[in-house]
Amino acid sequence: MDDQRKRFTDKTAKAARENFEQGASAAQHATRNAEQSYSSALTGMREFNLKLIEMAHANTEAAFELAHEIASAEAPSDLAAIWAEHARRQFELMTRQSKELTELGQKLAGRTTEPFAHTINEAFARGT
């Protein structure tokens, strides 16, 4: 009877140790993925902020160009043409900027969530 209890105790201890090691390994893996995700998010925010600064610079230049063109107008009738051309250029610029921000946001979202998605996929793959 004591031999049976010893084998049962050894078997239970071994299973508990293996479960603990697997849990610790999974926790380390999840921590690494979280660190990668946060690092990607930080890099992404830096890229996003730089893009916003670049866009603000382009918009400021456009405003100064408009002011210069208005100041250089020789006749009041020139103002309508200057304004219409400025509006057209600004619409094109804002359309391009919106597209760039959308693409950058999608890229950043994918890059940031990829480590977590990989961890979840691995967990489901191990569970099946």
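Any value given below was found using the heavy atoms of this structure, including those in side chains, with hydrogens, waters and symmetry copies removed.
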Separation of L66 CG from Q90 CD (nearest 0.5 Å): 8.5 Å

Intermediate values then yes/no, side-chain contact (heavy atoms from CB on, under 4.5 Å), M55 and L93: CA-CA 9 Å; M55 290 176 175; L93 179 63; over 6 Å; no

Residue pairs fulfilling side-chain hydrogen bond (donor to acceptor under 3.5 Å, both in side chains) with at least one residue in residues 74-88, sequence neighbours excluded: E85-R88, R88-E92

Ion pair R96/E54, N-O distance below 4.0 Å: no

R89 CZ to M94 CE distance, which is reported to the nearest 0.5 Å: 14.5 Å

Residues that E47 engages under side chain to side chain contact (heavy atoms under 4.5 Å, CB included), provided they are two or more places apart: T43, L104, K107, L108, R111

Pairs meeting criterion ring pair (Phe, Tyr, Trp, His ring centres under 6.0 Å) with involvement of residues 41-73, two or more places apart: none

Residues L42, R46; criterion side-chain contact (heavy atoms from CB on, under 4.5 Å); working and verdict: CA-CA 6 Å; L42 179 61; R46 187 173 34 250; 4.3 Å; yes

Reported OG1-to-CD distance for the pair T9 and Q4, which is rounded to 0.5 angstrom: 11.0 Å

